[in-house]
Amino acid sequence: MAPSIDEAAVQPLELRPKLDCIKYLEEVPLIDLSPLRSKNCDLSEAKEKLASQLHDCLKEWGFFLVVNHGMATDALAKVKSTFTKLPEEDKKKVARNEKNPWGYSEKDLTKNTKDWVEVFDYMVAEELTLPETFEPDCKTVVKFRNNWPENQPEFQKACEDFTTGTMKLLYELMELIALSLGLSEDRLKPYFDENLCYSRINYYPPCPTPELALGKGAHKDHCAYTVLATDEVSGFEVMRKSDGEWLRVRPIPDSVIVVGGDILQVWSNEIYESVVHRAVVNSEKERLSMLTVAAPAFEVMVAPLDELVGEKTPAKYRAYKWGEFYGARKFSNFRKLDTPVLEVADYKIRS
Ligand SMILES: O=C(O)CCC(=O)C(=O)O
Ligand SMILES: [Fe+2]
């Protein structure tokens, strides 16, 4: 008898990966950040050049790979080795719930289908005081704290080291992204004072029927952008805008992937579009990826940036409060399966 998996993780027919004809992206959009680390070159010239490359990558693909990113090369491997050793009961003890959305979950959904993944989420800030439910009319604030497994200092340290590296890169990219839109390099930074940046581990166990499920279903990232590191097992795929074709991105050793998100789409008034992507699983190998999300402060109103709006380029979105949007998405994991999840398209101005 064919192996079976949880019905909730079976993707609708049209969303299943076609594993017998995987297509690879042959010319990956690649940015080499070594000029930023070189003592012999003019830094502002180097930034302008990189910004222009980044513009082309984001415009064409909505994502790019980065080499010479400055992060410790063994950061992800350390997380992988410590996460995979965590005892099941320790993970279960720090399961996310409606009161604390940080910690472990094996029940994540994308578009209401269960992902074949175990995740662990933690905030970059160790604690944040925020409205209890993240909802517009919520008057009570609570302190959210990270939910680290007890007595696992090595795991926690590996996670924190990863995040120290990604946050540094995230701020470097913030300058380049601003420059790539013709803005001053510090234009986006104020949105990230008291940010909601967080990191996530995605652990994809081998799946007996990888042709039926997805590690992470097709989605766009809702933040400004994501820095994603993956191990050597392939599985990350992007949807090509022109024809909807799924293309697998081969892992390049010591690179990270930068995925443009919805906020960037809105800020840039659609000069850039966030990329649809997914994670495919396989029957033999476990796979681990980890990311840090560039998420602004709760109070930030996200709208097309003034400099990019004009008579010929009217605003394509009305403003929305990031914290409320984010909360609606985050807490949707604990709500009924049939409630539609908020999308950035809900703020689109239809002409
Ligand atoms: O694991 C991957 O390759 C992609 C993960 C991802 O897109 C996400 O967690 O948002
Ligand atoms: Fe993603």
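Atoms within a ligand are numbered from 1 in the order they appear, just like the ligands themselves. In what follows, residues are counted from 1 in the order of the sequence shown. Note that the structure is predicted; figures quoted are calculated from it, not measured.
The option from Arg287, Arg200, Met290 that lies nearest to atom 3 (O) of ligand 1, judged by heavy atoms, is Arg287.
Counting heavy atoms closer than 4.0 Å to ligand 1, residue Leu291 contributes side-chain atoms (C-beta onward) but none from N, CA, C or O. Proximity of Asp221 to ligand 1, defined as any heavy-atom pair under 4.0 Å, is confined to the side chain (atoms from C-beta onward).
The shortest contact between atom 2 (C) of ligand 1 and any protein heavy atom is with Tyr204 OH, 3.4 Å. Looking only at heavy atoms of the protein, atom 10 (O) of ligand 1 is closest to His219 NE2, 3.0 Å. Atom 9 (O) of ligand 1 has its closest protein heavy atom at Asn202 ND2, 3.0 Å.
In terms of distance to the Fe ion (ligand 2), the nearest N, O or S atom of Asp221 is named OD1. When the Fe ion (ligand 2) is compared with the N/O/S atoms of His277, atom NE2 turns out nearest.
Aromatic ring centroids of Tyr104 and Phe120 lie 6.0 Å or more apart.
Between Arg278 and ligand 1, no N or O atom pair is found at a separation short of 3.5 Å.
Using modelled atom types and a 3.5 Å distance limit, the side chains of Gln265 and Tyr317 yield a donor-acceptor pair.
Within the 3.5 Å criterion, the main-chain N or O of Lys316 finds a donor-acceptor partner in the side chain of Asn269. Put simply, the side chain of His219 never gets that close to the backbone of Val276: no donor and acceptor are under 3.5 Å apart. In this structure, Arg37 contributes its side chain and His69 its backbone to a donor-acceptor pair below 3.5 Å.
Short contacts between ligand 1 and Phe236, defined as distances under 4.0 Å to a heavy atom of the residue, involve ligand atoms 3 (O), 4 (C). Using a 4.0 Å cut-off to heavy atoms of His277, the atoms of ligand 1 that qualify are 7 (O). Numbered from 1 in the order shown, with element, the atoms of ligand 1 that lie under 4.0 Å from a heavy atom of Ser289 read 1 (O), 2 (C).
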request  = Assess whether side-chain hydrogen bond (donor to acceptor under 3.5 Å, both in side chains) is satisfied between Asp254 and Thr73, documenting all intermediate values.
outcome  = CA-CA 6 Å; Asp254 296 335; Thr73 48; 4.7 Å; no
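The aromatic rings of Tyr203 and Phe83 sit tilted relative to each other, their planes meeting at an angle between 30° and 60°. Ring pair Phe155/Trp148 is perpendicular by interplanar angle, where above 60° counts as perpendicular and below 30° as parallel.
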